[in-house]
Number of protein chains: 4
Amino acid sequence: MGKAGAPEKTRTRRHANRLPAEKRISDIMLAARQVFTERGYDDALISEIAERAGVVEGSIYRFFTNKRDLLVKVVESWYEEMLEEDSAQFSAVRGTWNQIRFVVLQHLYSIRREPGLSRLVFQKLRSEPTYRATRVFQLNQAYTHRIVDIVRAAVAAGELRPDVSAGLVRDLIFGGVEHRTWAFLRNEGDFDPVALADDLTNMVYRAMAIPAEDRPDRLEKAAERLEKAAERLERLVDDPAR
Amino acid sequence: MGKAGAPEKTRTRRHANRLPAEKRISDIMLAARQVFTERGYDDALISEIAERAGVVEGSIYRFFTNKRDLLVKVVESWYEEMLEEDSAQFSAVRGTWNQIRFVVLQHLYSIRREPGLSRLVFQKLRSEPTYRATRVFQLNQAYTHRIVDIVRAAVAAGELRPDVSAGLVRDLIFGGVEHRTWAFLRNEGDFDPVALADDLTNMVYRAMAIPAEDRPDRLEKAAERLEKAAERLERLVDDPAR
Amino acid sequence: MGKAGAPEKTRTRRHANRLPAEKRISDIMLAARQVFTERGYDDALISEIAERAGVVEGSIYRFFTNKRDLLVKVVESWYEEMLEEDSAQFSAVRGTWNQIRFVVLQHLYSIRREPGLSRLVFQKLRSEPTYRATRVFQLNQAYTHRIVDIVRAAVAAGELRPDVSAGLVRDLIFGGVEHRTWAFLRNEGDFDPVALADDLTNMVYRAMAIPAEDRPDRLEKAAERLEKAAERLERLVDDPAR
Amino acid sequence: MGKAGAPEKTRTRRHANRLPAEKRISDIMLAARQVFTERGYDDALISEIAERAGVVEGSIYRFFTNKRDLLVKVVESWYEEMLEEDSAQFSAVRGTWNQIRFVVLQHLYSIRREPGLSRLVFQKLRSEPTYRATRVFQLNQAYTHRIVDIVRAAVAAGELRPDVSAGLVRDLIFGGVEHRTWAFLRNEGDFDPVALADDLTNMVYRAMAIPAEDRPDRLEKAAERLEKAAERLERLVDDPAR
DNA sequence: GATGAATGAGGATTCATTCAT
DNA sequence: AATGAATGAATCCTCATTCAT
């Protein structure tokens, strides 16, 4: 009903160039990313996305179910992008502290690079009741799970307290980052990713570290080694022939 | 159907029922709180709020600039409510850990009691560019600043590390809570406020606690041992032949 | 979502005169009746209806749920109009044949007067799966049921065959009329309501009439009365004194 | 969801699978018949028809001008099918009543077999202004004209009243059947074709049968009696004294 | 002060049809 | 001949807000 309207009318059409689907899709997604970033979800117009992508509105619906789907796809690809980039570098980072700091820092960088998309994730996608069923949810899981992995490994290695909840650590980190960056996301000024990453990592690492009482203190160890060295020297001196 | 040709409403809206403005306002805010909670911002209808408040749409605009203002006012009063309630009990809580835990727990309780409003704050109000100019912002500051106060006091008292950033702690806590409760806010199941408050407080407290290494006694002991070892070495050097 | 769009924008508005709801409704229904009649359902534009009614599009939705509801309401009022008009005159018509003819003729007149609405009923409303739940259905029932009543009464009075199915008669009549008038409804030329009503009524009446074998034929009755009259006259002549 | 970023379809549409045009056409028409039947005209998608026919949308337009043309062709072939089937059996039916009943019954059967197509004819095709120019119109004429032929032959044979309008009979029958079956077409329950065919045929046949009053014998007898009565009266007048 | 009828901008979405490849 | 990507027109409906009464 109302659908067909007057379907038999003659229409003038200028057929545009026939591009490979991939190119079309990436054009649309690029344009959408821009528009969503600039305007937010509600104020983003499909017509503007279409225009910037050099496509007609209807063409968008060949590839994307609806506006929300387009947003979701854009965010998905952003996550994939981030995961890919990060994982390449991440493998080179050694040490629990360094790894945590790396993840935090990359996260801060990505927020700083894409405040618009970040806001959309924080504000729109994550609060929807269907979020958990989304691929974005899974990607975000993968994204944040790196922290969990790092923590668990360090716990297993005896570096961190055995009673540390990796999940809670993850939420502290990502929640903390988010809270720390809301002002920036509201355009209220910049932040220093490196300093923040250091502070945050220190904080969290300290919370997980094995308490001094339960492990050989470094100073103590050093003293011990020094003592032993001194002893041996003394023995040598006492009995140089030996 | 439904609307019918003629208005079958026969509304019993008290004509010119002149109530004191305060009563009017509180009726409207109560209704608005319900409707916003049940439906979220976009799906909340002014008409429904008016109906529930026993008021006409237009009357709402006598007291509130617009829909958003109404939301803001509702949230403000919620915050005031929370601050009032909490502060009464808070003064009785002794000890840094206990105080932090108290604030965290109350926060968790309030989220659990008002998931709808919480979501609106997290999702809608906080992301708006005008947020910082809002009284909600100030109230939230007051609300979260208690953590800052607690931490600073404890730092000053020498209980916590002097290099702790109280602001970062605040963001870790509130951000962490938020991340931890999103699933709940999405209606994906409940959480245990007490357990979470304990875990989170422990975590954060540990991060701020003065590390064993920095405690005077142990430092001094280690220094003593080092000095003695050094002495012995010096003796050896002075008198190699012995 | 997408609903509010940018709701806080300032809008210029010229407030139109405040008419009683009834007047508004009737204005809208009148305009709708015209537009639906002229264009059919799909090609009827709400905007055009609004314009002709001197109303803004949104106002239509104060009184009518949606476009279809508007059509339904228009048709309903048309039916009520017809039922009212007819029933006033109908009560004056005596005799089964005359009554049937009257109903048929009025029906033909109404088709001729409102071909557009007739087509909409025949084509759009009646074929919808929800039709039976509609008030239009009920009105149509009332409209066509007059035939059923007439037939049943005549059957009860012994004027028509006892085995006549009044429902089938109704369907023959209204179905027959409809088939007979489709060409007209398609704008393929006029028809003669009076002649058609007569022919159709004759046809149907004949189909229901008690067969001659089973009832005193009029000629026979006349002959009988004539015989009796002749007899009495003869007796008078034979015995004038009596 | 669903459409996904990349076309996951991997359609196995036989590329350049060059089938004889006839096969193509019949595949398309078969698919179209199904889809039109299942969904109705407006909700039938060319894309679905194409898919079911194992063809690409564009190919449909090689053989059919547009969607409506496709519907028309489908209905045409259905009519041809029906006419062919019926005429084979029809020739074996003897007697006016039996022939009418046969046509009615076959019509009822076809409605019962193809409610979807029937509805499309009743609702969509027949109401279009171009209907009369259609081949469907002609086929329908042929289809319904059998009634006209039967009636005219019976009239000519003196079996039926000479003043019967064969066209009106046709409209009563097909209109009556249609009205009687709308509930079924709306999916509101079944009907009994045989019983309905019998009732309807009886009804119509009675309407056309030569009335008893017009039979020579009874007329003559009555005339005789009248003449005799008149004679007696005349005698009285002639010889009042007697 | 209260009423509530009227405003009116605003945009996603569909799908038959075309035509370059 | 077949393909199927691209076209693009076309419209219903919502609801916060206003302001004449």
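Numbers restart at 1 for each chain; the letters A, B, ... are given by sequence-line order, proteins then strands.
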*E/dA2 phosphate, OP1 or OP2: any side-chain N/O from B/Ser59 under 4.0 angstrom?*
no
*asked:* Between B/Tyr61 and D/Phe63, which residue's closest nucleotide on DNA chain F lies nearer the 5′ terminus?
replied: D/Phe63
*Distance-minimising heavy-atom pair for D/Phe64 and D/Asp69*: CA-OD2, 3.4 Å
*asked:* Rounding to an integer number of Å, can you tell me how far A/Glu48 CD sits from E/dA12 P?
replied: 11 Å
*When you measure from the side chain of C/Lys67, which nucleotide among F/dC13, E/dT17, E/dT13 comes out closest?*
F/dC13
*asked:* Between D/Leu45 and C/Ile60, which residue's closest nucleotide on DNA chain E lies nearer the 5′ terminus?
replied: C/Ile60
*Of all residues at least two apart in sequence or in a different chain, which pass the side-chain hydrogen bond (donor to acceptor under 3.5 Å, both in side chains) check with B/Glu48?*
B/Arg39, B/Arg52
*asked:* Test side-chain contact (heavy atoms from CB on, under 4.5 Å) on B/Phe36 and B/Arg119; report intermediate values, then the result.
replied: CA-CA 10 Å; B/Phe36 281 137; B/Arg119 205 163 37 210; over 6 Å; no
*D/Ile49 to D/Leu70 - nearest heavy-atom pair and separation*: CD1-CD2, 4.0 Å
*Take C/Leu125 and C/Val72 through the side-chain contact (heavy atoms from CB on, under 4.5 Å) test and state the conclusion after the steps.*
CA-CA 8 Å; C/Leu125 295 186; C/Val72 166; 4.0 Å; yes
*Look at C/Arg24 and E/dA6 and indicate whether a side-chain polar atom (N or O) is within less than 4.0 Å of OP1 or OP2.*
yes
_A/Ser127: side-chain hydrogen bond (donor to acceptor under 3.5 Å, both in side chains) partners, not counting sequence neighbours_ = B/Gln123
*Base-pairing string, 5' to 3', of DNA chain F - Watson-Crick or wobble, under 3.5 Å, | interstrand*: .||||||||||||||||||||
*Establish, with yes or no, whether the OP1 or OP2 oxygen of E/dA16 is under 4.0 angstrom from a side-chain nitrogen or oxygen of D/Arg68.*
no
*So which one's nearest nucleotide on DNA chain F is more toward 5', C/Ser47 or B/Gly58?*
C/Ser47
_Short side-chain N/O contact to F/dT3 OP1/OP2 from D/Arg62, under 4.0 Å_ = no
*Side-chain donor/acceptor contact of C/Glu57 with base of F/dC12 under 3.5 Å*: no
_Between E/dT17 (C1') and D/Leu70 (CG): distance, integer Å_ = 13 Å
